[in-house]
Amino acid sequence: MIPIDRYGNIETAWCPGCGNHAILGAVKKALSRLELAPHQVLLCSGIGQAAKAPHYLRCNCFNGLHGRGLPPAQGAALANPGLAVIAESGDGCSYGEGGNHFLAAMRRNVGMTLLVHDNQIYGLTKGQASPTTAQGQVTKFQPGGAPSLAFPPLAVAVTLDVPFVARGFSGDPEHLAGLIEQAVRHPGFALVDILQPCVSFNKVNTFAWYKSRCYKLGPEHDPTDRRAALDKALEFGERIPLGVVYRGERAPYRPDPRVRRPLATSRPDLVKLAKILEEYA
Amino acid sequence: MSASSVTVLVGGEAGQGLVTVGDFLAKALVRAGYEILVVQDYLSRIRGGHNTYCVRVSPDPVHAPPENVDLLVALDQASLALHGPLLSPGGLALAGEKTDLGGLPGLNVPYSRLCPRPVHENMAALGVLAGLLCLERSWLEGLITERFAAKGGDEAALNLKVFSDALDWTRESGASFACLPPPMRREKRLFLNGNEAIALGAMAAGVNFCSFYPMTPATSVAAALVAPGGRMGVLTEQAEDEIAAVNMALGASAAGARVLVPTSGGGFALMVEGVSLAGMIETPLTVVLAQRPGPATGLPTRTEQGDLNLVVHAGHGDFPRAVYAPGTPEQCFDLTFRAVNQAEKWQSPAFVLTDQYLADSYRAVAPFDLEALPPLDLPGLETPDPHGYERYALTENGVSPRLIPGFGEHLVVLDSDEHTPDGHITEDLGVRVRMVDKRLRKGRGLEADAVAPSLAGDAAPEVLLACWGSSLGACLEAAQTLRERGTSAAVLHFSQVWPLVPESFLPVLEGAGRAVMVEGNPSGQLAKLIRQETGFAFHGLVTRYDGLPFTAGYILARLGSPQGTSTVAGEEVSA
Ligand SMILES: Cc1ncc(C[n+]2csc(CCOP(=O)(O)OP(=O)(O)O)c2C)c(N)n1
Ligand code: SF4
């Protein structure tokens with residue numbers, strides 16, 4: 001195990017009581033157990049409160065644009081499969097602005113992990129409805145209630161046969177750390193949707209709200225049974241399951257075997273290129 | 001017809017195999033030692049419609065699209081009506097046996113007799129062309145065998161027979177047309193178009209990652225990378241959209257790949273936030289923008305030089321960049337190589353502006369000298385002091401030491417927010433100013449490295465034609481004609497359009513009797529940019545924005561008008 005303090009001890013700009021703090025702790029714990037030294041990890045994020053997480057962790061970081069955590073993460077993972085690539089962002093960033101990238105990443109299945117801090121609200125821009133806000137939930141910006149149906153990330157992921165689909169809760173960081181650890185170990189694309197109370201803007205989905213509803217999936221749930229997994233993925237309301245919802249066996253993305261990676265060490269073979277030029281003659 | 005160059009135009013519906021005829025002919029001519037220039041005109045549809053493939057051939061260099069047609073291969077009736085008026089004196093139209101030539105001089109080729117199936121008509125047309133131009137049978141036979149052998153079966157034999165029968169028929173028919181003067185070249189040349197040259201330049205520059213989203217006319221850059229790219233170790237990925245393509249490339253670049261992103265105007269518009277990100281995180285990115293007429297979806301398969309403003313100004317905030325505008329396939333290769341290296345050297349985005357005309361225009365190109373290429377600018381992989389490493393260390397020239405994550409204990413922290421030298425978010429406004437200044441300092445280096453505009457023709461001429469990108473050839477030919485008419489003329493070609501270094505061109509502009517900008521857009525985007533940067537106002541502007549490339553005749557016709565300007569689109573039917 002790598003000592004936790006190797007990942008830094010950095011002051012954050014998050015509100016006291018925010019679920020983000022516990023998620024950060026769980027990520028550090030998972031990395032330490034995975035024996036991933038800071039320089040072996042690349043954390044990619046978009047924009048938002050959650051997206052600042054990589055700044056509060058000592059490791060390589062690509063903090064890009066709103067909604068765009070996934071494309072650079074996949075680009076980096078493709079360029080260097082030796083890096084442990086983790087994308088981490090909010091629900092607005094990952095499922096809203098970045099929705100198309102989320103869909104494509106699930107289909108592409110590049111080996112990497114996506115951690116979504118799902119507080120069912122926009123934090124950084126102060127309280128607008130996010131894609132996971134319940135339909136009809138009143139916010140300052142949606143006084144008549146959020147008009148659209150809430151996006152079900154886990155159900156979509158199971159439907160798309162994402163090989164590792166899990167839900168965590170910032171209120172149980174030890175359990176969450178275990179999920180993150182398994183997600184990073186799993187080949188292919190892994191999703192962990194993490195319920196995270198936003199104490200400043202979400203007055204509905206509070207810590208107590210989550211706490212009274214969340215329960216852990218036990219051995220009676222077979223995560224390799226896709227139909228059962230879909231049922232669990234759709235369960236969100238009075239009861240919310242935590243744990244590994246689905247574990248599939250879809251083969252991860254394999255680029256052309258002639259591409260030797262890491263790309264940083266590849267140099268153009270001018271002899272080969274000369275042959276290619278000949279084909280234009 | 002002109003003695004020095006012959007123009008063959010093949011017209012027909014998409015799907016009739018006109019590109020096959022044109023391709024075979026053009027490639028055979030290049031192998032034989034001729035100079036060629038191909039202009040392709042096609043509609044945004046896969047079958048039907050009216051398309052053309054036009055080959056201008058000469059023993060001497062040819063620079064620009066032709067004005068007239070000497071041999072018109074009409075695979076459909078529409079071709080006769082559309083291009084018949086362009087037939088030069090002595091020219092011939094070739095059509096099927098039942099087709100009414102409508103008074104045009106020409107031949108009715110008995111396709112039904114020569115071809116077992118209608119799909120072979122294009123091979124018959126090729127045979128007739130070979131006969132009329134007195135091409136050596138072997139030039140084409142070799143090529144036909146090569147191409148069809150891959151298809152297996154008796155395809156090759158069948159096509160060879162049709163070709164050969166058609167050639168014999170032509171000779172026996174006694175049809176006469178001027179034979180091509182013998183070729184002058186002996187050394188081997190390549191048959192390639194602008195986009196292929198870009199892909200080759202990228203591979204030479206070590207590009208090993210290409211993320212793209214298809215959009216004409218940029219797609220063929222990706223296509224030319226995909227096919228041979230695998231052998232060169234290039235990872236190509238079709239992204240879900242342009243936003244993903246550029247961001248994916250930046251992630252790969254940050255992880256040490258050398259990246260290229262091909263797109264067209266509308267796709268590039270979507271990439272703009274990512275371009276700003278490249279500027280902010282100082283991560284190398286090379287974008288090839290193949291222009292087509294806009295705005296929005298515009299004319300998807302036609303040409304224009306309308307995206308200079310977009311590229312020069314793309315992004316919010318200020319950051320340095322380099323923008324190249326090749327005028328020939330050779331420059332496509334050289335400038336793409338240069339763009340990738342400059343993006344790496346200055347850790348600033350670089351752009352290559354091509355367009356549909358250049359993208360699809362095949363030429364005879366001397367094989368690129370791979371051994372003479374300058375060394376690649378490559379990032380470091382490790383540092384002796386991992387703990388002291390700062391990705392955005394403040395430096396004299398603005399360039400900070402770039403390292404790659406995962407190759408040592410150092411940490412690389414990149415951030416789209418304003419950041420401290422170690423890469424972390426800051427709202428310290430003093431740091432903000434120092435970081436902006438640092439990034440802008442790289443602009444001085446980019447200026448020092450900028451490619452100066454090239455001057456061809458008389459120094460201090462009466463007429464100076466300024467241009468950028470693919471209009472080079474038409475301007476060279478127009479200037480040549482002016483000189484033949486007794487007017488001293490020159491061409492000033494900008495193959496790099498940003499940054500502009502006034503000392504490298506202002507004296508030339510000021511020394512000309514009349515400086516006219518020739519641009520494929522309605523507003524004179526480069527002329528305005530030059531005026532903004534230097535105060536120099538061009539004496540005239542020749543524009544074209546009807547979707548077709550410039551020809552010398554088009555430019556000359558408009559030089560006469562008082563402002564040197566005429567922008568009546570569509571009034572000229574061009575090949
Ligand atoms: C292109 C773009 N649009 C909008 C924004 C403004 N913006 C910043 S964060 C954010 C929402 C973040 O919400 P979420 O992803 O749920 O993260 P949280 O702050 O709740 O952790 C928005 C809309 C932006 N930075 N960029
Ligand atoms: S606004 Fe909400 S999500 Fe953001 S730090 Fe505060 S509590 Fe956390």
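To find a chain, count down the sequence lines: A is the first, B the second, and so on, and within it residues start at 1.
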Interchain contact, B/I281 with chain A, by part (heavy-atom threshold 4.5 Å): side chain
Go through the atoms of A/A281 and report whether side chain, backbone, both or neither lie under 4.5 Å from a heavy atom of chain B. both
Does A/F189 offer a backbone N or O that forms a donor-acceptor pair with the side chain of A/N109 under 3.5 Å? yes
So what's closer than 4.5 Å to chain A heavy atoms on B/V234: side chain, backbone, both or neither? backbone
Can you tell me which portion of A/R107 sits under 4.5 Å from chain B's heavy atoms? Options are side chain, backbone, both or neither. neither
Whether the B/N193 and B/S361 side chains hold a donor-acceptor pair (N or O, under 3.5 Å, no angle test) is what I'd like checked. no
Is it the case that more than 12 heavy atoms not belonging to B/E187 sit under 6.0 Å from its CD atom? yes
Between B/D241, B/D417, B/L192, B/T236, who has the most heavy-atom pairs with chain A when the cutoff is under 4.5 Å? B/D241
Counting N and O atoms only, with roles assigned by atom type, does the side chain of B/N341 sit under 3.5 Å from a partner on the main chain of B/P375, one being a donor and the other an acceptor? yes
Tell me which of these, B/A254, B/G251, B/A255, has more heavy-atom pairs under 4.5 Å with chain A than the rest. B/G251
Chain B shares the most heavy-atom pairs under 4.5 Å, among A/Q40, A/R267, A/R108, A/E279, with A/R108
Compute whether any side-chain donor of one residue and acceptor of the other, for B/E382 and B/H410, lie under 3.5 angstrom apart. no
Checking B/F407 against chain A: side chain, backbone, both or neither under 4.5 Å from a heavy atom? side chain
Quick check: do A/R68 and B/I243 have side-chain heavy atoms less than 4.5 Å from each other? yes
Indicate yes or no for a side-chain donor-acceptor contact from A/R33 to the backbone of A/A177 under 3.5 Å, with no hydrogens or angles considered. no
With chain B, the option among A/L65, A/I276, A/N80 that has the most non-hydrogen atom pairs under 4.5 Å is A/L65
Scored by heavy-atom pairs under 4.5 Å with chain A, the best of B/I425, B/V30, B/V259, B/L373 is B/I425
Closer than 3.5 angstrom, by distance alone: can the side chain of A/N119 be matched with the main-chain N or O of A/C198 as a donor-acceptor pair? no
Considering only heavy atoms and a distance below 4.5 Å, find which of B/L250, B/I404, B/L381 pairs most often with chain A. B/L250
Closer than 3.5 angstrom, by distance alone: can the side chain of A/S89 be matched with the main-chain N or O of A/G46 as a donor-acceptor pair? yes
Under 4.5 Å, counting heavy-atom pairs only, tell me which of B/R189, B/E371, B/E196, B/R31 racks up the most with chain A. B/E196
Does atom CG of A/N9 have more than 12 heavy-atom neighbours from other groups under 6.0 Å away? no
When the 4.5 angstrom heavy-atom criterion is applied to B/Q238 and chain A, the contacting part is backbone
Heavy-atom contact with chain A under 4.5 Å, split by part of B/V412: both
Given the options A/A105, A/A76, A/P54, which has more heavy-atom pairs under 4.5 Å with chain B than any of the others? A/A76
Report the relative orientation of the aromatic rings in A/H21 and A/W14; use parallel for angles under 30°, tilted for 30 to 60°, perpendicular for over 60°. perpendicular
Identify which part of A/L103 has an atom lying under 4.5 Å from any heavy atom of chain B, answering side chain, backbone, both or neither. neither
Between A/F151 and A/Y95, what is the ring plane arrangement, given parallel below 30°, perpendicular above 60°, and tilted in between? tilted
Of all of A/K272, A/R260, A/H101, which one pairs up most often with chain B through heavy atoms under 4.5 Å apart? A/H101
Under 3.5 Å donor-acceptor, A/H55 side chain and B/H424 backbone: no
Quick one, A/Q196 with A/N20, criterion side chain to side chain donor-acceptor pair (under 3.5 Å). Give me CA distance, side-chain angles, the key distance, then yes/no. CA-CA 7 Å; A/Q196 169 236 328; A/N20 283 335; 3.2 Å; yes
Could you tell me which portion of A/L270 (side chain, backbone, both or neither) has an atom closer than 4.5 angstrom to a non-hydrogen atom of chain B? both
So which bits of residues 222-230 of chain B come within less than 4.5 Å of chain A, counting non-hydrogen atoms only? B/A224, B/P228, B/G230
When you check the side-chain N and O atoms of B/S276 and B/E273, is any donor under 3.5 Å from an acceptor? no
Looking only at heavy atoms and a cut-off of under 4.5 Å, which of B/S253, B/A239, B/A244 has the most pairs with chain A? B/A244
Can you tell which part of A/P38 gets under 4.5 Å to a heavy atom of chain B, answering side chain, backbone, both or neither? both
Do the side chain of B/S416 and the main chain of A/G64 share a donor and acceptor less than 3.5 angstrom apart? yes
Would B/E282 and B/R391 pass as an ion pair if we require N to O under 4.0 Å? no
Is it the side chain or the backbone of A/N100 that comes within 4.5 Å of chain B heavy atoms, both, or neither? both
Which portion of A/K275 sits near chain B, non-hydrogen atoms under 4.5 angstrom: neither
